[in-house]
Amino acid sequence: MTTRTLIQALGGYRAVAMRLNKKPTTVHTHMQEGVMPAAWYDALCKMAREQQVDEPSRALFSFLKVTPTQKEDAA
């Protein structure tokens with residue numbers, strides 16, 4: 001699943017923007033970039049469940065990454 005297929009499955013970027021209380025251009029821009037804000041994850045998962053669409057992968061969102069520790073690098 002891509003950001004585009006998810007947004008389309010949820011009714012398109014205008015419908016998603018309305019539910020998230022965001023401007024349509026904001027949702028469209030993130031959809032085009034292929035990465036959505038992590039703050040939207042729970043809301044989009046809820047919307048997916050409501051519409052019986054597979055929940056999105058966390059990989060589609062800009063969650064912070066933890067850098068490996070020195071121990072993990074040595075392993």
Side-chain angles (χ1 to χ4, degrees):
M1 176 181 292
T2 65
T3 56
R4 181 175 299 281
T5 57
L6 172 64
I7 297 299
Q8 288 174 341
L10 297 178
Y13 71 93
R14 286 185 175 91
V16 170
M18 186 179 296
R19 291 287 309 273
L20 296 178
N21 199 28
K22 300 289 180 189
K23 292 180 181 179
T25 54
T26 300
V27 175
H28 189 267
T29 298
H30 287 293
M31 180 184 73
Q32 294 266 68
E33 290 173 355
V35 179
M36 294 176 285
W40 297 4
Y41 180 74
D42 287 340
L44 291 177
C45 283
K46 180 179 179 168
M47 290 173 63
R49 288 190 302 272
E50 289 172 357
Q51 297 186 31
Q52 299 178 343
V53 172
D54 289 338
E55 289 188 20
S57 164
R58 291 175 59 90
L60 297 180
F61 297 84
S62 60
F63 288 101
L64 294 175
K65 309 280 190 270
V66 177
T67 56
T69 64
Q70 289 179 353
K71 269 187 175 178
E72 291 172 333
D73 282 341

Students should find that the hydrophobic cluster of V66, defined by side-chain heavy atoms under 4.5 Å apart, otherwise consists of none
Kindly check if the number of other-residue, nucleotide or ligand heavy atoms within 6.0 Å of CD (Q52) is above 12?
no
Do you know the tightest heavy-atom contact between M1 and P56?
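Scanning both residues, the minimum pair turns out to be SD-CA, 4.1 Å.
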Measure the OG1-CG distance between T5 and D54 for me, rounded to the nearest 0.5 Å.
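These two atoms lie 10.0 Å from each other.
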State plainly whether one hydrophobic cluster holds both F63 and L20, where clusters connect Ile, Leu, Val, Met, Phe, Trp and Tyr through side-chain heavy atoms under 4.5 angstrom apart.
yes
Per-pair distances, 0.1 Å, donor-acceptor, side chain in residues 25-45, under 3.5 Å, sequence neighbours excluded:
| unit_1 | atom_1 | unit_2 | atom_2 | d |
| --- | --- | --- | --- | --- |
| T29 | OG1 | T25 | O | 2.8 |
| Q32 | OE1 | R4 | NH2 | 2.6 |

